[in-house]
Amino acid sequence: MPVVGVEISQSSDDKDANMTSKLIKDQQNPSGNGHSHPDPGQNPNHRPPHADAPPALPAPIPDLCIQHTKLFINNEWHESVSGRKIPVRNPATGELLCEVEEADAEDIDKAVRSARAAFELGSPWRSMDASDRGRLLNKLADLVERDHLLLATLEALDSGKVFLVAFFVDLVATIKTLRYYAGWADKIHGKTIPIDGDYFTYTRHEPIGVCGQIIPWNFPVMMFSWKIAPALCSGNTVVIKPAEQTPLTALHMAALIKEAGFPPGVVNVVPGYGPTAGSAISHHMDIDKVAFSGSTAVGKLIQRAAGDTNLKRVTLELGGKNPIIVFADCDLEQAVEQAHSGLFFNQGQCCVAGSRLFVEEPIYETFVRRCVEKARSKVLGDPLTPGVDQGPQIDRKQFDKILELVESGRREGATLECGGDPWGQQGLFIQPTVFSNVTDDMRIAKEEIFGPVQQIMCFSSVEEVVTRANATHYGLAAGLFTSDIDKAFTVSAALQAGVVWVNCYNAMSVMCPFGGFKMSGNGRELGEYALQEYTEIKAITIKISKKNS
Amino acid sequence: MHRAMFLRNIRPVYRLAKCPYSAASIPKPNPEPVVQFNKLFINNQWQDAQSGKTFPTINPSTGEVICHVAEADKTDVDRAVKAARAAFRLGSPWRRMDASDRGLLLTRLADAIERDAGYLAELETLDNGKPYAISYCVDIPNVVKCLRYYAGWADKWEGKTIPIDGDYFCYTRHEPIGVCGQIIPWNFPLLMQAWKLGPALATGNTVVMKVAEQTPLTALYVANLIKEVGFPEGVVNILPGMGPSAGAAIAAHMDVDKLAFTGSTEVGHLIQQASGSSNLKKVTLELGGKSPNIILSDANMEEAVEQAHFALFFNQGQCCCAGSRTYVQADIYDEFVERSVERTKNRVTGDPFDLKTEHGPQIDDEQFKKILNYIDIGKKEGAKMLCGGKAASDKGYFIQPTVFGDVQDQMTIAREEIFGPVMQIMKFKTLEEVLERANDTKYGLAAAVFTKDIDKAHYLSSGLRAGTVWINCYDVFGAQAPFGGFKASGNGRELGEYGLDNYTEVKTVTIKVPQKNS
């Protein structure tokens with residue numbers, strides 16, 4: 001998954017406005033797509049913001065003390081009704097970080113009751129000015145900015161992602177998401193409508209109500225912000241379940257939500273497992289809407305649960321097997337770099353990972369060689385250590401699944417160009433892996449691997465590659481590289497995907513909608529479009545005595 | 001203006017943890033705030049006028065000089081336009097900046113103004129004469145809200161992709177217009193500055209702003225905050241000066257792309273003419289009014305009296321949207337007049353730094369004399385003066401709150417904008433009659449209706465020729481809702497999403513493609 005807020009433009013120079021975010025931008029990898037180079041000395045493209053020496057890069061907080069491990073309901077910390085706890089581990093070492101209270105159906109009930117009470121007519125939250133909802137979100141953004149280093153450290157410890165990526169991508173995106181939706185709060189306009197007859201008609205855009213939100217472990221704090229920000233700016237209340245692997249930043253966000261001054265019950269954070277807490281949310285008769293990011297398999301369960309219960313509204317952001325199409329006329333250097341980070345970013349644990357790389361025949365051999373060089377250059381290690389650019393996979397289950405798919409690739413006859421095995425003495429590291437001579441019928445070309453495994457295929461015509469690229473039940477993202485304007489427009493129009501990047505990849509920002517065609521999801525997150533997913537439209541018609549235009 | 005806001009801040013509602021604007025917490029003002037800035041602000045630098053000229057700015061409560069301020073003239077306008085043009089060139093920091101960062105700069109400006117709210121409110125009251133409680137609880141919070149509102153728009157001002165016929169891909173870009181001249185009045189100096197800067201900067205324009213010669217001080221302090229929060233050089237330039245010199249130079253300038261003016265209809269004509277005689281710059285105007293306030297016999301009497309009083313007397317009657325024609329239905333007319341007079345007599349007039357004061361001085365000697373002259377004309381033409389009518393103090397420009405009853409539509413005080421604390425009350429019988437009379441004016445800025453009957457409310461609000469109609473309320477403003485005039489009250493709209501249109505050029509880009517598909 002994506003890279004909101006990362007400096008997307010292909011060069012980071014001459015942005016000399018005096019902003020605090022400037023420091024962040026200038027420290028980012030100028031090549032864009034969120035694949036951060038921790039050591040500027042090794043990055044020839046890095047340009048310092050001024051002629052003087054570049055500022056020191058941030059370092060993680062040593063021996064971080066974990067403050068919040070309980071359920072957050074009604075702005076209070078609760079123990080779980082069952083007394084059960086989730087062990088939370090550092091995937092780089094396997095060591096236990098802490099234990100977190102485990103929510104189950106009864107805890108979900110408590111959280112829903114509190115969210116429902118906060119949503120009552122006349123409540124502080126319902127009677128609040130829209131602009132004040134925006135102020136609260138901005139205040140929350142300020143607090144995240146204040147705790148930027150702490151949250152980035154926590155995120156790296158808990159999810160295994162590279163600390164500098166957490167700092168410059170995840171947290172920056174989180175702040176931008178909160179600020180962006182803060183601005184929308186008082187700009188969600190209804191309409192007045194010229195209906196036939198002597199009537200006056202207008203629409204109110206009302207919040208849906210209590211929203212269940214279930215988020216994944218690959219971008220824990222960023223997904224948290226993608227979910228709560230549009231929900232809160234449009235006036236809903238939230239029961240959000242972070243992934244059992246990565247509950248820690250969500251719980252810190254809960255503390256900041258209280259500190260910012262959100263009324264009790266507006267946001268409730270309940271860590272727990274999918275089959276228990278997640279299922280309780282998706283089946284709950286008093287939850288009006290559920291938003292889920294995760295696998296397509298679980299997406300189906302969520303949709304079915306809504307059908308079995310109260311027909312709650314469902315939005316889904318699911319898996320992908322995203323094609324990147326590289327034409328021979330492209331800027332090769334740029335395409336190799338973007339295709340590499342398009343797959344390997346975040347240890348390959350992205351729903352938008354460019355995991356089917358279609359390369360035009362004349363440049364295929366060269367392209368494969370260059371991809372292998374890039375993959376071999378990756379530095380694996382403890383994600384808190386400077387210079388490391390690939391951390392561990394999230395947990396043993398994912399680790400085993402990825403290695404099993406790599407094995408299937410070997411068995412089905414793809415050429416293993418590099419990697420293919422675990423790395424290191426401890427933790428869940430996998431070598432950056434590249435397969436060439438992949439054919440469309442192989443499992444590694446069809447199934448979502450969600451790991452650092454790149455598949456490179458060969459094609460020879462536009463029609464052929466469009467057909468092959470679309471021959472999947474997924475439709476989340478796609479990329480294409482060409483310098484030909486006609487090809488760019490033709491292929492981007494033909495691809496069945498919610499997001500198409502041309503001569504770039506992972507170029508995401510909060511202003512731009514994101515979501516899937518086909519079985520990659522339902523609805524859109526981010527941008528103005530996301531607001532539709534959190535509003536009910538009410539049309540009010542009043543009889544009047546005599547209409548005039 | 002903004003009374004609803006004012007009252008609401010007093011009510012115990014759920015507020016953000018840190019709200020400095022509750023009436024209970026108005027800090028004791030310093031009636032002699034130190035003036036820090038009195039020069040021209042060009043290219044983020046303080047400059048003297050090329051001519052070396054200065055003008056005095058007067059405390060309207062005393063008639064005494066507060067300080068002298070550099071007086072911009074044509075050559076200074078030229079310098080400011082050059083700076084604004086340079087800031088707007090392709091590739092400049094301002095043009096290259098992410099839209100969200102423009103928003104962040106506006107947010108920071110709002111934060112800085114909020115930080116300095118007490119001082120700015122003191123300076124506003126010193127220079128303009130409005131009661132400090134109003135400066136602090138109405139003007140400043142609405143300035144902050146307006147800037148925050150437009151901060152949010154910066155990265156949400158979206159173009160479209162358009163399904164045109166043929167094998168084409170078509171989209172629009174919403175581009176800034178360029179260098180915007182902005183000329184603002186003295187009645188809400190800070191608030192008018194925010195109304196102008198918010199949309200212009202959110203959409204990426206650069207600005208040359210002329211502030212009124214009566215009230216230059218707060219705008220110059222804000223200029224310093226603009227520099228402090230980090231707007232690039234030349235993006236905002238602020239020039240105190242006179243209308244016929246600096247104002248005319250901006251209006252006639254060949255390198256100013258757009259002009260926004262708030263002030264009298266008379267000057268609005270000159271601005272539009274100047275555009276026609278020079279480079280056809282885009283013009284938006286927010287001008288005068290003679291706004292009708294219609295009280296039906298089924299209205300809540302107490303509420304209607306209070307709101308009608310407030311509609312006229314707020315800000316010493318110096319509001320373009322003042323409810324200066326109060327039409328009252330015949331069967332409640334006598335009681336309404338009696339209660340309005342009683343309310344007006346109770347209006348607390350005096351030192352604007354006294355927190356109990358409701359009513360301060362008029363802005364200057366010229367307005368003071370003009371208003372007293374209108375009162376004389378009203379008496380001569382046969383309107384019944386029921387209270388007030390005279391100067392209220394032997395120094396400063398105070399005028400007693402004045403009420404005229406039995407006013408006829410053809411009287412001068414019923415037709416011309418007085419811009420002072422003089423209320424005209426007329427009688428009507430039927431809805432059709434009052435609608436016709438209310439619309440019988442060259443103006444069309446605002447109007448209000450007080451009634452409990454939903455049909456009458458809809459009938460009148462649809463029929464009134466005015467850019468804003470309030471029902472059972474008056475002067476309710478929000479940065480979210482558009483404001484502007486029909487007819488000779490103006491052109492274009494400020495505030496809300498509509499305000500962005502007036503600072504945007506739409507560019508249609510069409511690209512030939514080999515084969516279109518839906």
Side-chain angles (χ1 to χ4, degrees), chain A residues 5 7-9 13-22 25 123-125 127-132 134-136 138-139 142 176 179-187 189 198 200 233 259-261 263 485-490 492-494 509-511 527-528 542-549, chain B residues 5 8 13-19 91-94 96-105 107-108 111 145 148-156 158 167-169 202 227-232 235 454-459 461-463 478-480 496-497 511-518:
Chain A
E7 173 58 4
I8 296 310
S9 62
D13 54 342
D14 85 354
K15 294 226 167 192
D16 32 337
N18 177 13
M19 325 282 307
T20 52
S21 61
K22 172 168 174 40
K25 285 185 173 175
S123 73
W125 182 240
S127 55
M128 186 182 287
D129 284 341
S131 67
D132 280 342
R135 288 289 291 143
L136 285 172
N138 257 324
K139 175 79 180 159
D142 292 343
K176 286 198 173 202
R179 289 205 195 285
Y180 175 79
Y181 283 106
W184 270 121
D186 60 0
K187 299 174 184 69
H189 298 151
D198 284 333
F200 169 64
C233 90
E259 183 180 347
I485 190 170
D486 285 343
K487 267 185 214 159
F489 279 106
T490 306
S492 59
S509 73
V510 61
M511 301 93 195
E528 183 175 5
I542 302 177
K543 178 88 181 110
I544 57 175
S545 43
K546 209 157 112 188
K547 176 180 68 182
N548 278 279
S549 62
Chain B
M5 199 80 65
R8 194 146 43 141
V13 294
Y14 185 90
R15 303 298 301 175
L16 300 182
K18 178 172 167 275
C19 175
S92 74
W94 183 240
R96 296 265 305 120
M97 189 181 285
D98 284 341
S100 66
D101 282 343
R102 292 201 304 270
L104 210 47
L105 283 173
T107 299
R108 296 245 176 83
D111 292 345
K145 285 189 177 216
R148 291 213 169 110
Y149 176 77
Y150 280 109
W153 269 123
D155 59 3
K156 299 172 184 70
E158 296 165 346
D167 285 332
Y168 302 101
F169 169 65
K227 182 177 177 178
E228 177 193 318
V229 302
F231 280 91
V235 171
I454 191 171
D455 282 335
K456 290 174 183 166
H458 278 292
Y459 172 73
S461 59
S462 304
Q480 301 90 356
E497 183 175 2
I511 302 176
K512 179 87 180 110
V513 296
Q515 186 201 57
K516 178 182 66 185
N517 278 280
S518 62

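Quick note: numbers below take in every heavy atom, side chains included, and nothing from hydrogens, waters or symmetry partners. Labels below follow one simple rule: chain letters A, B, ... track the order of the sequence lines, proteins then strands, and each chain is numbered from 1. Computed from a prediction, not measured in an experiment: that's the story for all the values here.
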Looking at every heavy atom in both A/I542 and B/I454, which two are closest together, and how far apart are they? CG2-CD1, 3.7 Å
If you take all heavy atoms of A/D486 and B/K512, which pair is closest and at what distance? OD1-O, 3.9 Å
State which residues pass side-chain contact (heavy atoms from CB on, under 4.5 Å) with A/S131; sequence neighbours excluded, sorted by chain then number. A/D129, A/D186, B/K145, B/Q480
Looking at B/Y149, B/W94, B/Y150, which has the largest count of heavy-atom pairs under 4.5 Å with chain A? B/Y149
Pair count under 4.5 Å, heavy atoms only, with chain A: among B/A457, B/A151, B/G152, B/P514, highest is B/P514
Considering only heavy atoms from C-beta outward, does the side chain of A/M511 approach that of B/E158 to under 4.5 Å? no
With a 4.5 angstrom heavy-atom cut-off, which part of B/K456 approaches chain A: side chain, backbone, both or neither? neither
Using 0.5 Å steps for rounding, measure from the [atom1] atom of [X] to the [atom2] atom of [Y].
X      : Y      : atom1 : atom2 : answer
B/T107 : A/D142 : OG1   : CG    : 9.0 Å
B/N517 : A/F489 : CG    : CZ    : 14.0 Å
A/K543 : B/D455 : NZ    : CG    : 8.5 Å

Should we say atom NZ of A/K487 is surrounded by more than 12 heavy atoms from elsewhere, each under 6.0 Å from it? yes
Which bit of A/T490 comes within less than 4.5 Å of chain B, counting heavy atoms only: side chain, backbone, both or neither? side chain
Contacts of B/Y459 that satisfy ring pair (Phe, Tyr, Trp, His ring centres under 6.0 Å) - sequence neighbours left out: none
Should the pair A/F200 and B/H458 be assigned to parallel (<30°), tilted (30 to 60°) or perpendicular (>60°) ring geometry? tilted
Pair count under 4.5 Å, heavy atoms only, with chain B: among A/H189, A/R179, A/K547, highest is A/H189
